[in-house]
Amino acid sequence: MELLEVKDSLARHWLAALCICSGRCVMAAGGGAESRAWSEQFAQSVLEWLHVPEADWADLRAMPHGDAANDMALLMLRCMRSDGEAAEAGAGASVSLKVASDPDRLAAGLVLACLGLGSVQAAGGIKALAPAQAGTLPPLEYDARSRAAAFAVCAWLDLPSQLVGAHEALVAGRLERAAGSGQLGDASARALNDDRRRKWGWGKRLAAGAGVVVAGTLVGVTAGLAAPLMAAGLGAVGIGGLGFLATGGGAAMVGSLLGVAGGGVAGQRFNTRLRGLREFYFTQLARGHTLHATVLVPGFLDAAAAASPFAPVRGAMGLDLGDAYTLYFEPAELAALQGAVSRFVSSSARSAAVSAVLAQTALAGLLGAFTWPLAVLKLGQLIDSPWAVGIERARRAGRLLADVLESHAHGTRPVTLVGYSLGALAVTTCLQELHSRRAFGVVETAVLLGVPADSTAAAAWVACCHCVSRRLIIGHSRSDWVLAFLFRASSLCVRLAGLEGLAPAALFPDSPLMRRKIVNVDLGDIVSQHADYLGRLDDIMLEVSRHL
């Protein structure tokens, strides 16, 4: 731990090491050599953002990977906190926790570093670039692994996760303003700059209103770290020094980042003929042009509903959807499936099914057809055909969704995938397809509610976890007897993820970092049968939001 013995730049090196270790943890849990290049680029942005002297770069770049990086971060935090306790006791420790940085500045600068704008901002002459020169700059890209690393840094420092989302929104808004000024006259540009300065205070209040805690945090830094943090934070929120965005090339870069060219995925047409689908399209649920997007995939639909089934979710407390889109695939067939489920549940066989399901639940997952009464099996014809068709369509839709995400129709920014029932199956298929294409750094979080998939299929879940940079959330309910009945025909599947979740220790016995990605959320108090995933979606997502 030689780095912790450097007195003058201790905190600066300490925070740089913590950020780099967080990135190395994400990389190790993200799979393959493709992530190593991202990890090195992320480390470079952090070193430039914190103004670490180049002479120290080699030592910081030598930080460990994987579980060793996780252990290193824990050791650094213990040393920092013990030094702070010693300082408070008057022991004269080399590190003082009395001078704390502003978490707002920390988060804003970190988001800017994750965007890779640290080196651009540091170049003093960049704002004088001609439009042609600005067009040669690398495109803005906000990798899902970068966002996962930002959340990891906040978690290490006991900062609220809302801090990242709040400053993402502020940075995205300022980027749009700066890029938009490239299409304005000089007078309008000056007025825009005045407005930007005038609204700085308002922006801070907005962030605080989103639940950001400014005082009383555990962040400990020296005065030597405060100056670069302040500069980076102001630069991020005010976009100081990024005058090149006011050019045509800069506007194109921001448009590519936010996916606004052509209206994002909602403005795209996708060829479904070769995928065996008749309908596959997106509608916009929430518009915000933030630095992340959410794709919500329903598994069955209410034929009478005019709005997206996820419409009530927009008001879920603590849930940040960013730019949100609802993906519809074969809506007529999904509506027919919902009708079949309703008829099956309301049939006279329901009373006979209940006793069988209770016994089946007690037997912990024996889903064979022999556990069901003959009367119930005969009624299965009401639902078997639309369910089998829906399974196949969902898998096809998942492969097409992978095409859409790989092409970055949503922008070069992280995406969160949320699906219930067959929509969750489409999401798992999409993740497995992205893994087969080595398309990492696209999906940050995936939420699978009532997914009809084998929880013991290790290879499939390993692929999903590798393609998710931050979290794989599994919402499940043992009370979902309809799902148990629907999947009874799969004689080789004895455990369903939608009924009991996943077993991280069995899937990743030698990788604590990968096990940490999986979050099982028991929805038994909300979901008593499969149709509840549609009828109580707002309550379900409110529960899930506590784990995001």
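These figures come from a predicted structure and were not determined experimentally.
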Query raised in the report: Roughly how far, to the nearest 0.5 Å, is NE2 of His476 from OG of Ser455?
Result: 10.5 Å

Query raised in the report: Hey, mind stepping through Leu425 and Arg395 against side-chain contact (heavy atoms from CB on, under 4.5 Å) and telling me if it holds?
Result: CA-CA 7 Å; Leu425 179 62; Arg395 288 174 175 154; 4.3 Å; yes

Report task. With rounding to the nearest 0.5 Å, note down the distance linking OG in Ser545 to CG in Asp538. Result -> 11.5 Å

Requested in this report: Using a 4.5 Å cut-off on heavy atoms from C-beta on, say whether the side chain of Trp156 contacts that of Cys21.
Outcome: no

Query raised in the report: Should the ring pair His435 and His466 be called parallel, tilted or perpendicular, given that the plane angle runs from 0 to 90° and is split at 30 and 60?
Result: parallel

Query raised in the report: Looking at Val153 and Ser22, what are the two nearest heavy atoms and their distance?
Result: CG2-OG, 3.6 Å

Query raised in the report: Hey, does the side chain of Gln529 reach the backbone of Asp480 with a donor-acceptor pair shorter than 3.5 angstrom?
Result: no

Query raised in the report: Between CZ of Phe508 and NZ of Lys517, what distance do you get to the nearest 0.5 Å?
Result: 8.0 Å

Query raised in the report: Hey, what do you get for CG (Leu537) to CD1 (Ile526), rounding to the nearest 0.5 Å?
Result: 10.5 Å

Report task. Quick one: do Thr456 and Trp461 satisfy side-chain contact (heavy atoms from CB on, under 4.5 Å)? Show the steps, please. Result -> CA-CA 8 Å; Thr456 64; Trp461 291 114; over 6 Å; no

Query raised in the report: Is the closest basic N to carboxylate O distance between Glu168 and Arg147 below 4.0 Å?
Result: yes

Report task. State, yes or no, whether a side-chain contact exists between Leu400 and Phe329 at a heavy-atom distance under 4.5 Å. Result -> no

Query raised in the report: Under the ring pair (Phe, Tyr, Trp, His ring centres under 6.0 Å) test, which residues partner Tyr533, sequence neighbours left out?
Result: His530

Query raised in the report: Salt bridge or not for Glu392 and Arg396, using N-O below 4.0 Å?
Result: yes

**Report entry** Close side-chain approach of Leu502 to Leu472, heavy-atom, < 4.5 Å
**Finding:** yes

Query raised in the report: Does the side-chain hydrogen bond (donor to acceptor under 3.5 Å, both in side chains) test come out yes or no for Arg471 and Thr445, once each step is laid out?
Result: CA-CA 5 Å; Arg471 284 180 182 162; Thr445 294; over 6 Å; no

Query raised in the report: Which residues pass the ring pair (Phe, Tyr, Trp, His ring centres under 6.0 Å) test with Tyr328, sequence neighbours left out?
Result: Tyr281

Query - More than 12 heavy atoms from other groups under 6.0 Å of CD on Gln41 - result: no

Requested in this report: Compare all side-chain heavy atoms of Glu333 with those of Val389 and state whether any distance is below 4.5 angstrom.
Outcome: yes

Requested in this report: Could you go through the side-chain contact (heavy atoms from CB on, under 4.5 Å) check for Leu175 and Leu115 one step at a time?
Outcome: CA-CA 11 Å; Leu175 285 174; Leu115 272 168; 4.1 Å; yes

Report summary line: side-chain contact (heavy atoms from CB on, under 4.5 Å) with Leu431: of Leu405, Leu401, Leu417, only one passes, and it is Leu417

Query raised in the report: Can you tell me if Arg478 uses its side chain to pair, donor with acceptor, with the backbone of Glu500 under 3.5 Å?
Result: no

Requested in this report: Run the numbers on Ser146 and Trp38 for side-chain hydrogen bond (donor to acceptor under 3.5 Å, both in side chains), then give the verdict.
Outcome: CA-CA 9 Å; Ser146 298; Trp38 164 82; 2.9 Å; yes

Report task. List the steps, then state whether side-chain hydrogen bond (donor to acceptor under 3.5 Å, both in side chains) holds for Thr429 with Glu433. Result -> CA-CA 6 Å; Thr429 302; Glu433 186 70 16; over 6 Å; no

Query raised in the report: Out of curiosity, Asp320 CG to Thr416 OG1, how far, rounded to the nearest 0.5 Å?
Result: 8.5 Å

**Report entry** Heavy-atom closest pair, residues Pro309 and Leu301
**Finding:** CG-CD2, 3.8 Å

Query - Sidechain-backbone polar pair: Thr326 side chain, Ser308 backbone, donor-acceptor under 3.5 Å - result: no

Requested in this report: Keeping the roles fixed (side chain from Thr290, backbone from Gly322), state whether a donor-acceptor pair exists under 3.5 Å.
Outcome: no

Query raised in the report: Does the side chain of Cys465 come within less than 4.5 Å of Ile518's, by heavy atoms?
Result: yes

Report summary line: Closest non-hydrogen contact found for Leu258 with Leu291 is CD2-CD2, 4.0 Å

Query - Euclidean distance, Arg413 CZ relative to Asp143 CG, rounded to 0.5 Å - result: 14.0 Å

Query raised in the report: Hey, does the side chain of Gln432 reach the backbone of Cys464 with a donor-acceptor pair shorter than 3.5 angstrom?
Result: no

Query - Heavy-atom check, side chain of Met514 versus side chain of Val462, under 4.5 Å - result: no

Query raised in the report: So which heavy atom on Ile474 is nearest to which on Gly501, and how close?
Result: CG2-CA, 3.9 Å

Requested in this report: Would you check, one step at a time, whether the test side-chain contact (heavy atoms from CB on, under 4.5 Å) holds for Asp323 with His410?
Outcome: CA-CA 9 Å; Asp323 278 343; His410 66 289; over 6 Å; no

Query raised in the report: Arg515 and Ala505: which non-hydrogen atoms are nearest, and at how many Å?
Result: CD-CA, 3.6 Å

Query raised in the report: Is it true that the NZ or CZ of Arg470 lies under 6.0 Å from the centre of Phe151's six-membered ring and within 45 degrees of the ring axis?
Result: yes

Requested in this report: Kindly indicate whether the side chain of Phe300, heavy atoms from C-beta on, has any atom under 4.5 Å from the side chain of Leu422.
Outcome: no

Query raised in the report: For Leu285 and Ala311, which heavy atoms make the closest approach, and how far apart are they?
Result: CD1-CA, 3.8 Å

Query raised in the report: Tell me, do Val415 and His408 make a side-chain contact under 4.5 Å, heavy atoms counted?
Result: no

